[in-house]
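Structure, as structure tokens:
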Amino acid sequence: MSLLRDILYSFPQFDNLNTFEDIFETAYKLLIKHYPNEYVVKNTIANNVLIGKHSMNTASMLSELRIGSNKADCVIINGLSTCYEIKTQFDSLKRLPEQLDAYTSSFDQTYVVAHENHLKALYKYQEEFPTFGIIHANSNGNLSQKVKAPLNTSFNTELMFHTLRKGEYTHIAKEIQGYIPNVMPTELFNECKKLFCSQKEQDANELFKSTLKHYRRNDHIFINALPKSMKNLGISYKIHKTHKSNIVTCLLNNQLDNKGITNVLPIYERQTV
């Protein structure tokens with residue numbers, strides 16, 4: 001609480017604010033201007049793409065999705081699966097080739113969302129390997145498409161399968177053959193994997209997308225209730241359902257009495273989906 005008080009007193013932008021929502025919205029504007037980190041870019045994707053371009057009734061955004069030994073920063077599944085790999089000014093491109101190998105064989109489209117500092121290197125790499133698109137995350141907190149991502153036509157079904165959880169791959173097995181394989185528990189994973197990988201790549205991709213979209217759907221009501229600065233909180237962080245209404249109430253109704261902090265939000269861990 002003392003840290004929050006110090007921050008509020010240090011920045012004139014926080015003068016005359018009345019609620020925690022006001023604080024977060026103002027702090028977010030400062031982040032965009034002075035420290036455009038991964039949270040800022042993910043939040044921009046959530047606002048501009050998931051909510052602004054699609055509908056949360058028909059699309060889901062997944063954060064930190066495991067693909068092999070990598071984690072895709074965020075993936076939006078609508079009719080297509082689109083991966084967004086974020087490279088802020090604080091990141092390097094050292095692991096990008098390995099990441100792109102995984103993502104471009106697992107999703108319909110892949111974009112690298114990058115700070116201006118990386119654009120020159122990305123243009124050069126994309127000319128050599130035109131399997132991905134490029135989006136510029138600019139200093140105003142907006143996204144500008146520079147190179148359109150091509151549609152992927154070849155999928156690594158084995159790599160994709162290892163992203164799935166037990167409930168998801170057994171669901172897919174039932175979709176394929178009408179029932180869950182009646183095998184020993186130790187054999188279930190491999191049996192479901194054989195079924196999935198035996199499908200045509202495009203058919204496996206459709207099963208992969210529909211299953212992830214269903215099992216890892218976003219809490220649309222909670223996300224809609226959050227201010228623009230916090231949409232990514234509702235997507236990327238694991239929050240118990242009993243706490244969600246408390247967060248919304250705290251944001252909207254908690255009055256700040258001469259910057260005396262009467263309550264603070266719990267700190268939640270970012271989830272890997």
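Residues C83 and Q109 have side chains not in contact (no heavy-atom distance under 4.5 Å, counting atoms from C-beta outward). Counting heavy atoms from C-beta on, the side chains of E168 and T163 never come closer than 4.5 Å. Side-chain atoms of N232 and Y237, non-hydrogen and from C-beta on, do get closer than 4.5 Å to each other. Using a 4.5 Å heavy-atom cutoff, the side chains of F107 and T82 are not in contact. Contact of the L65 side chain with the D73 side chain is not registered, since no non-hydrogen atoms from C-beta on lie closer than 4.5 Å. Side-chain contact between V75 and Y84 is absent, with no heavy atoms from C-beta onward closer than 4.5 Å. Side-chain contact between N43 and V40 is absent, with no heavy-atom pair separated by less than 4.5 Å. Counting heavy atoms from C-beta outward, L159 and S105 have side chains that approach closer than 4.5 Å.
A distance of 7.5 Å separates CG in L50 from OG in S60, rounded to the nearest 0.5 Å. For the atom pair L151 CG and T131 OG1, the distance stands at 12.5 Å (nearest 0.5 Å). To the nearest 0.5 Å, atom CD1 of residue I172 and atom OG of residue S210 are 7.0 Å apart. The line from OG1 of T211 to NE2 of H171 is 4.0 Å long, rounded to the nearest 0.5 Å. For the atom pair CG (L62) and CD1 (I235), the distance works out to 9.5 Å, reported to the nearest 0.5 Å. Summarising the geometry, atom CD1 belonging to I135 is positioned 7.0 Å from atom CD1 belonging to I45; distances are rounded to the nearest 0.5 Å.
Between H118 and S92 the shortest heavy-atom distance is CE1-CA, 4.5 Å. A pairwise comparison of heavy atoms in E98 and S69 identifies OE2-OG, 3.3 Å as the closest pair. Closest approach of A59 and H54 over heavy atoms only: CB-CB, 3.9 Å. Listed here is the closest heavy atom pair of I67 and S106: CG2-OG, 3.5 Å. Heavy-atom minimum distance, M160 versus F196: CB-CE2, 4.3 Å. Of all heavy-atom pairs spanning T104 and D101, the tightest one is OG1-O, 3.8 Å.
The salt bridge (Lys or Arg N to Asp or Glu O under 4.0 Å) test applied to K193 returns E158, not counting sequence neighbours. Applying the side chain to side chain contact (heavy atoms under 4.5 Å, CB included) test to P227 and every residue at least two apart in sequence or in another chain returns E21, E25, S229, M230, L251. Residues passing the side chain to side chain contact (heavy atoms under 4.5 Å, CB included) test with N152, sequence neighbours excluded: S154, F155.
Residue pairs meeting the side-chain hydrogen bond (donor to acceptor under 3.5 Å, both in side chains) criterion with at least one partner in residues 133-147, sequence neighbours excluded, are Y111-Q145. Applying the salt bridge (charged side-chain N to carboxylate O under 4.0 Å, His left out) definition to pairs two or more places apart or across chains, those involving residues 82-91 are E85-K87.
Using a distance-only test at 3.5 Å, with no hydrogens or angles considered, no donor-acceptor pair links the side chain of E128 to the main chain of K124. Of the possible donor and acceptor atoms, none in the side chain of S236 sits under 3.5 Å from a partner among the backbone N and O of L233. In terms of modelled atom types and a separation under 3.5 Å, the side chain of K209 and the main chain of G79 share a donor-acceptor contact. With hydrogens and angles ignored, the 3.5 Å screen pairs a side-chain donor or acceptor of T58 with a backbone N or O of S55. Using modelled atom types, one side-chain atom of S81 and one backbone atom of D108 make a donor-acceptor pair closer than 3.5 Å. Under a 3.5 Å cut-off, the side chain of K231 and the backbone N or O of I223 do form a donor-acceptor pair. A donor-acceptor pair is defined here as one N or O able to donate and one able to accept, closer than 3.5 Å; no such pair exists between the side chain of R216 and the backbone of K213.
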Criterion side chain to side chain contact (heavy atoms under 4.5 Å, CB included) on Q99 and Y103, from CA distance to verdict: CA-CA 6 Å; Q99 292 169 324; Y103 306 153; 3.6 Å; yes
Salt bridge (Lys or Arg N to Asp or Glu O under 4.0 Å) between K42 and E38, intermediate numbers included: CA-CA 6 Å; K42 278 189 180 180; E38 183 180 299; 3.4 Å; yes
Check against side chain to side chain contact (heavy atoms under 4.5 Å, CB included), H34 and L30: CA-CA 6 Å; H34 299 291; L30 290 172; 4.1 Å; yes
Step-by-step side chain to side chain contact (heavy atoms under 4.5 Å, CB included) determination, L164 to F208: CA-CA 8 Å; L164 301 170; F208 181 74; 4.0 Å; yes
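Remark: aromatic rings of Y125 and F129 are close, center separation under 6.0 Å. A centroid separation of less than 6.0 Å is found between the aromatic rings of F161 and F189.
Put simply, I221 and L226 are part of two different groups of oily side chains (I, L, V, M, F, W, Y) that touch within less than 4.5 Å, one to the next. Note on L93: it does not cluster hydrophobically with F90, by side-chain heavy-atom contacts below 4.5 Å among ILVMFWY residues. Grouping the Ile, Leu, Val, Met, Phe, Trp and Tyr side chains by contacts below 4.5 angstrom, directly or via other members, places I76 apart from L80. Linking ILVMFWY side-chain heavy atoms closer than 4.5 Å, directly or via other members, places L100 and V113 in two distinct hydrophobic clusters. Hydrophobic clustering (side-chain heavy atoms under 4.5 Å, transitive across Ile, Leu, Val, Met, Phe, Trp, Tyr) groups F24 together with L31.
Around the CD atom of E206, the shell of radius 6.0 Å holds more than 12 heavy atoms that belong to other residues, nucleotides or ligands.
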Would you mind writing out the side-chain donor-acceptor pairs for residues 175-187 within the sub-3.5 Å range, not counting sequence neighbours?
unit_1 : atom_1 : unit_2 : atom_2 : d
Q177   : NE2    : Y179   : O      : 3.1

